[in-house]
Structure formats: C-alpha cells, structure tokens
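First comes the structure, then the notes that go with it.
Naming convention: chains lettered A, B, ... in sequence-line order (proteins, then strands); numbering from 1 in each chain.
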Number of protein chains: 2
Amino acid sequence: MFIDRQRRYSMTNDQRLRHLDNASYIKGILTQTFLFSHMDEDVLNAFSSSSSIKHVKKGHVLFISEEEASCFYVIKNGWIKLFRESLDGNEAVVDVLNKNHIFGDTSMFENDTYPYSAEVVEDAELVMIPIAMLKKQIERHAPLSLKMLHAMSRFRKQQDIELEHRDLQNAPQRIGCFLLRLCKQNAEGPILLQLPYDKTLLAARLGMKPETFSRALARLRNETGIVINGSNIELKNIEQLSSYSCSACSSTYPCQDLH
Amino acid sequence: MFIDRQRRYSMTNDQRLRHLDNASYIKGILTQTFLFSHMDEDVLNAFSSSSSIKHVKKGHVLFISEEEASCFYVIKNGWIKLFRESLDGNEAVVDVLNKNHIFGDTSMFENDTYPYSAEVVEDAELVMIPIAMLKKQIERHAPLSLKMLHAMSRFRKQQDIELEHRDLQNAPQRIGCFLLRLCKQNAEGPILLQLPYDKTLLAARLGMKPETFSRALARLRNETGIVINGSNIELKNIEQLSSYSCSACSSTYPCQDLH
C-alpha cells in the first residue's frame, strides 16, 4: 500500500473504507488493460492505491505537448485525442483512443515531458497514475518491464500496419478497416455500428481531408453495399467489409494486433 | 561468458584467442547502438560472446515474415530493408535501416516469429544475437529492460512523426526531411550527400510512387536551389532544406529523435 504513513494515521474509519473501495474500483479498471492483466497482486495494489479517478468533459485539454508529466492515464470510458502541432500551426492526430488504452506513459523516456497533447473528444472517466510509481515498479519487477515491452511492441506493429495502409490501401479500404476494428472479432450475422466520434476527427485520424473522407465513405457504400444512415452503419456480416479491405493488407482477418 | 563448457575445453589456444578477439570486436559494435550503450560490462560480455558476425550480399533475404526467429540483428554497416506483403501481393516497406540499428528484436513478443521480412539492399556486415540471450538478460537485468523500453519509445515517436509527415508535409518536404536525416546534425557550411540506395526503394520508403518521387525531387530542387547530380546532392547549408521541410513538422531542427 502506498498511502503515506501520516495520511493513513490521520484518516477516520470512514475515509479508510472509502479509500479501500476506491482502490479496488481502480484495480478492476487496471486489470482490463493489456499492461496490467495477469499482474501480481502486490504490484496491482501498489498502483491502484496510489492512483485516482478523474471525470473529464468533451473539449477539456488534459495536457499539452512538452508540458511536465507527473501522471499517465488509463481510459475507463470515453474518447481521447492525442495530437501534435507543426511549426506552421497545423494539427496532426497521433491517435484517438478509447477504453482500456493507456497514454502518457512514454513521457518517462522524454525527460518527464509529454510527447503529444491530449484532448477529451467524448466525456471520459480516467485513472490517473503517478509516473514515479511506474518507474519504481519497472525497476523492481521484471515481469512488469516485460509486459510493458510487449505492449510497446504490439503498438509498434500497429503503427507499422498503419503506415503500410497509407501506402497500399485506398481511402475507402482504410475506412472499411477502421469500421472492422469497431466490430467484435468473429462476430456472426448482421452488425450495427455507430461512428464513435465526429467525421472531421475521424478523417484526420485516418490521414484524410474531410472532403476526401465523405467521397471515400460514399464509394465504400457503393462498392460493398453497407447501409449508412448518419453515424449509424449496418453490415450484413463481417465479410462484407473484410473481403473488401483486407486484401490490401498484410494481416489476415481477424487481426491479432489491432485495437 | 556463454561459450558452452564442452566447446571451451575442446578449443585449442589459437581458437580460444580467436574467440576472444571476435567477442571484443562484437562488443565494440554493440556499444555503438543505443540499446547497448553505457551497459554493464558483464551484460555486454554475455551478449558479445554468444553472438557471431555475418557478411551478407545485396539481394540476400535474411528471413521472411512469420518465419521462426532464433536471432535478432545489429547492423555494423550496409542497408537492410524491412517489408511486408499484402494478401494481394503488394509490398509495403516498413523501414530501411543502416548502421547501429537493431532489427528482429520484437519477434520475442510475436511467439518467436519475425513480424516482417528482411532483405539486404546494400552489402552488409551484421551481428547475429540469439533471442534467447535477450530474453534471459531482460529478465535478470532491470537496466536492460529500461533501456529497451526507452529504445522502443524513441522508435514509437519516430513512427508518430512519420505518420504525421504523411498528413502535413507535401512530397518534396518529405524528401527534404529524409535528406536532412543523412546530414550531420549541426553541420556548418556546404554539404555533399549521396542517396544511400536506389530511388525506387527510396520512393517506397517515403510512401510514394516512383513517378511521384521524381516529380517531387525536381520540385524540391526548384524551390530550394539544392543541386542534384544523379545520386549526388549538394546543399549550400542545412538551412536551405530545414527552412523548407521543418515548417510542416512538430519537431524543431536539429531533431532529437530521428535516425
């Protein structure tokens, strides 16, 4: 347990119970992530009792690039946009993440500054974890470093594939691939999807101009027969999209490494 | 030392000396890489005495994607192309690496299979290191895991910036950025460069069709005034390119994280 001694002594019984409740709630969230799954109980306890919950509204900027970093985040729900700005003022979307994803963790290798900015794009519930705790546990606990290396390696492969798609897939295929990632892997029969955030951001996430995105979405509908109604999308089955998008990709569906 | 006991006993004095010479030669190569720099002497010895040197010719395929992986590689010199093939037979270039770069290491997180194929594009000298040794040392030696995490985090940032460039930089700016990476950081006065490998591969590395690459190179010359003569390129100074390319990027020149 990482509550400091003085604080522990000054807590009332009620406070102590609330703290324990909170820690076990946080532990439940952490174990859903790849990094903390199957982790030793004492490591999990150390992390969850030193972390806190944060509720944030759409539009809130959590931190900006190169700002000093003391915490990293786990997403319980909501959507977070990671982005950077070029010198001439344009924005590049690094990623848009949702539940069970972690961000801000690599700041520990950037002299404790964030390597990107983070903005809430749909109301979110987050776990805030001190970077200091991550450093301490990595130094002490070899399985945690291995797990973190594994997580980074998965991420690296995702980025490889993302770069590959920019070369080999056309715009409608890239949208198809994004939609497939929203489906449950191995789902059978008809599927109803909803675009998770607005189309302008989705276009930026996929490296397209908004007008390219609209044209490509129309072409995807015409070529695959999926039904689009505002932000609702209806597929007859997975194959309706996977046969169209996955031919121009080196991974086979269902994808092992894509979130 | 990781020569097995039986082998050590059966060595003549000459063989033993050659083995020690070889190990110290390899150690010299390893310490040039980010991963092994400032590493404990005993860890370095373990790696270098279990590794071997491999000379490979242009065109040689070292391994193909999903093949079983027993070794990873450090490049002493030459150029290596990492690539993947899509189901419909197109090739995506993941990266083209040169000296002091490491590849094949993440296979330890891919059930010991390579996540990409590797082909020699300019004659190369490589150090082959057993994956088993990497696993063993990471489990035993916390600073090595931290270093590897740091290396992965640098790589992740490079890929972020690569993806960013596909969105924000036009094709001539991307070629300019590639050329800047070939220059010594903080170089002063005129600079002579040579394209390190053929233009078709260079186009693929930058995610362009060969004809787009040629047009973009001509435009880069017209807009910056650099002199291009076959594969030789002459700059008056760094600013001639950096002022043109770096305005559309979130990093400031000299770049900290690009190879």
Side-chain angles (χ1 to χ4, degrees), chain A residues 65 82-95 105-110 115-116 135 138-146 148-169 204 206-209 246-253 256-257, chain B residues 65 82-95 105-110 115-116 135 138-146 148-169 204 206-209 246-253 256-257:
Chain A
S65 171
L82 308 181
F83 65 103
R84 260 199 288 262
E85 272 176 32
S86 67
L87 296 184
D88 55 15
N90 287 309
E91 181 183 293
V93 174
V94 175
D95 215 337
D105 50 332
T106 55
S107 56
M108 67 181 278
F109 302 111
E110 303 277 342
Y116 37 64
K135 285 187 186 166
I138 281 177
E139 274 165 23
R140 287 184 181 178
H141 193 71
L144 179 64
S145 340
L146 268 175
M148 200 167 163
L149 277 168
H150 195 165
M152 282 234 207
S153 153
R154 274 164 56 113
F155 191 84
R156 180 164 157 179
K157 200 173 172 190
Q158 282 169 23
Q159 278 181 314
D160 279 354
I161 290 174
E162 189 89 21
L163 276 164
E164 174 191 311
H165 284 182
R166 302 277 170 114
D167 298 346
L168 300 185
Q169 288 189 333
L206 297 173
M208 299 175 198
K209 297 219 160 59
C246 305
S247 61
C249 175
S250 64
S251 304
T252 42
Y253 194 85
Q256 298 301 317
D257 291 289
Chain B
S65 171
L82 309 181
F83 65 103
R84 260 198 288 262
E85 271 176 35
S86 66
L87 297 184
D88 55 13
N90 287 309
E91 182 183 293
V93 175
V94 175
D95 215 336
D105 50 332
T106 54
S107 56
M108 69 181 277
F109 302 111
E110 303 276 341
Y116 38 64
K135 284 186 188 170
I138 281 178
E139 274 166 20
R140 285 185 182 178
H141 194 70
L144 179 64
S145 341
L146 267 174
M148 201 167 162
L149 276 169
H150 194 165
M152 281 234 207
S153 150
R154 272 164 57 113
F155 190 84
R156 180 165 157 178
K157 198 172 173 190
Q158 282 168 25
Q159 278 181 314
D160 278 353
I161 289 174
E162 190 90 22
L163 276 164
E164 172 190 312
H165 284 183
R166 302 276 171 113
D167 297 345
L168 301 185
Q169 288 188 334
L206 297 173
M208 299 174 199
K209 299 220 159 60
C246 305
S247 61
C249 175
S250 64
S251 303
T252 42
Y253 194 84
Q256 298 301 316
D257 292 288

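Annotation: side chain of S153(B) is not in contact with side chain of M108(A) (no heavy-atom distance under 4.5 Å). The shortest distance between side-chain heavy atoms of S145(A) and M148(B) does not fall below 4.5 Å. No side-chain heavy atom of T106(A) sits under 4.5 Å from any side-chain heavy atom of K157(B).
Proximity to chain B (any heavy atom under 4.5 Å) is restricted, for L168(A), to the side chain, taken from C-beta onward.
In terms of heavy-atom pairs under 4.5 angstrom with chain B, the leader among A92(A), S250(A), S65(A) is S250(A). If you tally non-hydrogen atom pairs under 4.5 Å between each of R166(A), E91(A), H141(A) and chain B, the highest count goes to R166(A). Highest contact tally toward chain A, considering only M152(B), E85(B), R156(B), is held by R156(B) [criterion: heavy-atom pairs under 4.5 Å]. Between chain A and the residues M208(B), Q169(B), K209(B), Q159(B), the largest count of heavy-atom pairs under 4.5 Å involves Q159(B). Comparing A142(A), S247(A), G207(A) by how many heavy-atom pairs each has under 4.5 Å with chain B, the most go to S247(A).
Scanning both residues, A248(A) and S86(B), for their nearest heavy atoms gives C-CB, 3.7 Å.
The salt bridge (charged side-chain N to carboxylate O under 4.0 Å, His left out) test applied to R84(B) returns D160(A), E164(A), not counting sequence neighbours. Applying the ring pair (Phe, Tyr, Trp, His ring centres under 6.0 Å) criterion to F83(B), with sequence neighbours excluded, gives no partner residue.
A distance of 6.5 Å separates CD of E110(A) from NE2 of H150(B), quoted to the nearest 0.5 Å.
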